[in-house]
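Heads up: the structure comes next, in structure tokens.
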Amino acid sequence: MEVRSRTPGKIILAGEHAVVHGCTAVAASIDLYTHVTLRFPSSDDENILKLQIKDMGLEFSWLIGRILEALPGFTSPNPLTPISCSPERLSSVASLVEEQKIPEAKIGLASGVSAFLWLYTAIIGYKAATVIVTSELPLGSGLGSSAAFCVSLSGAMVALSGCISLDSSQEGWLSYGESDLELVNKWAFQGEKIIHGKPSGIDNTVSTYGNMIKFRSGVLTRLKSNMPLKMLVTNTRVGRNTKALVAGVSERAIRHQDAMEAVFSAVDSISKEMSTIIQSPATDDVTITEREGKLEELMEMNQGLLQCMGVSHASIETVLRTTLKYKLSSKLTGAGGGGCVLTLLPTLLSATVVDKVIADLESCGFQCMIATIGGPGLEICFKGSS
């Protein structure tokens, strides 16, 4: 039996950093996907669990008996009850990962491999399988690559766990029902905790459900986009330290309390207005163009406020200047300090202009991706054991 899953990445449209200080943020899915194939062997004689990360040319494998030895207690796993990985068990998982001798240059993958081992053992138990992962999402760039990884893994594992009823004879990409998506999201959050420690839950929720969410003070509200939106996503390829950037904003807020409160309040208003515009129906080109103009202004304002917070970067400013030459509006997405930049591509913008912008940005060494915003979340596809 084989199942494939695909899960979208995410962007923050507005409200990054300010959300840490009690303000509203708006996030959305993008049609850049992480794919997982989970395949059980045709013979019961096989006793190896394999994980292949195709984009990096890496393969890890464990004898099922070794996993049982390190992580006892999952002979009868309960996939309907997501559980956290305790510090003791995480230590056992880490020892299984260390045995794989991950190359030093790719040691950052260790936490992701740990998340995989925990999710697989807790959901499936001790069963041989091959799991293949490919992704269109650049790692560590603020596009939710780790959440998409955890959601795609959880979705595929839950599909073959036998705990939910799905018609595996149907062809093409299928969507889970609401309660099953909730289950997958909870499992994915457990994986995210292994990777990030204290994740907000925004990334895995957007990847699971798709479309858009509004987030404030721990409360997630799902939104429905009623207008087509396309973004040019530019990866500056500049790594950043998210914790340090968040801490820097907090320190600035202590030093300049009144000024920063005004900055955060303005960002909150921008996020709320943006979510209202996106949810309003836009049925003709005139209305769409008018709404896109408003969104461009809000993006410019949000970027200016992010600069006030001190989280921009020379690479981000280069993207802003380059896109501004073509009268396009851009803002950083995520932590800043590098990472990715969003540029709204208006519906009536010519393909020639888009090509020129991309050529200019790529000449600076940046990576460009065109993404549709607010599409579906996790989807799965079955393939018979034949």
Side-chain angles (χ1 to χ4, degrees), residues 7-30 81-87 111 115 119 142-151 154 178-225 242-254 257 260-276 278-279 302 305-306 309 311 332-336 339 374 377-378:
T7 304
K10 75 92 182 58
I11 54 171
I12 304 287
L13 284 169
E16 48 270 273
H17 286 289
V19 70
V20 177
H21 299 269
C23 300
T24 306
V26 180
S29 63
I30 53 175
T81 308
I83 51 174
S84 296
C85 185
S86 67
S111 59
L119 291 172
L143 299 182
S145 58
S146 68
F149 173 73
C150 290
V151 173
S154 301
E178 195 72 19
S179 61
D180 295 334
L181 284 175
E182 185 180 351
L183 175 65
V184 170
N185 196 33
K186 286 178 179 176
W187 273 117
F189 185 63
Q190 297 307 325
E192 277 278 85
K193 286 201 292 189
I194 291 173
I195 296 171
H196 293 297
K198 293 183 178 178
S200 67
I202 294 177
D203 289 15
N204 52 279
T205 301
V206 174
S207 284
T208 301
Y209 293 99
N211 222 301
M212 304 177 124
I213 64 165
K214 188 165 64 172
F215 180 80
R216 178 173 181 150
S217 301
V219 178
L220 295 170
T221 307
R222 285 162 60 195
L223 309 175
K224 175 136 181 67
S225 171
T242 300
K243 285 182 182 174
L245 288 158
V246 170
V249 174
S250 296
E251 288 162 10
R252 188 172 286 208
I254 292 168
Q257 188 172 352
M260 288 295 281
E261 279 181 8
V263 168
F264 295 145
S265 176
V267 172
D268 189 59
S269 298
I270 288 167
S271 295
K272 289 174 179 173
E273 187 177 347
M274 191 176 277
S275 63
T276 300
I278 288 168
Q279 290 182 96
N302 197 169
L305 293 164
L306 287 161
M309 296 180 209
V311 295
L332 67 85
T333 182
L378 167 70

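Note that this is a predicted model, so its numbers are computed, not measured.
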[X] side chain to [Y] backbone, donor-acceptor under 3.5 Å:
X	Y	result
T7	L378	no
D203	K10	no
T333	I12	yes
S265	E261	no
Q279	S275	yes
D268	T24	yes
R216	A25	no

Distance-minimising heavy-atom pair for [X] and [Y]:
X	Y	result
L223	N211	O-OD1, 3.3 Å
A27	I202	CB-CG2, 3.9 Å
K186	P82	CB-CG, 3.6 Å
V311	A335	CB-O, 3.7 Å
A253	F264	CB-CE1, 4.1 Å
G15	N302	N-OD1, 3.3 Å

Would you give the length of the straight line joining atom [atom1] of [X] to atom [atom2] of [Y], rounded to the nearest 0.5 angstrom?
X	Y	atom1	atom2	result
R222	M212	CZ	CE	14.0 Å
Y209	E182	OH	CD	5.0 Å
I11	I30	CD1	CD1	6.0 Å
S84	I194	OG	CD1	8.5 Å
C150	F189	SG	CZ	11.0 Å
I254	R252	CD1	CZ	13.0 Å

Under the rule for side chain to side chain contact (heavy atoms under 4.5 Å, CB included), what residues qualify as partners of S146, not counting sequence neighbours?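 So S146 forms a side chain to side chain contact (heavy atoms under 4.5 Å, CB included) with E192, I195, H196.
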With H17, the side-chain contact (heavy atoms from CB on, under 4.5 Å) member among L306, V267, L332, L305: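 Between H17 and the candidates, side-chain contact (heavy atoms from CB on, under 4.5 Å) is satisfied uniquely by L306.
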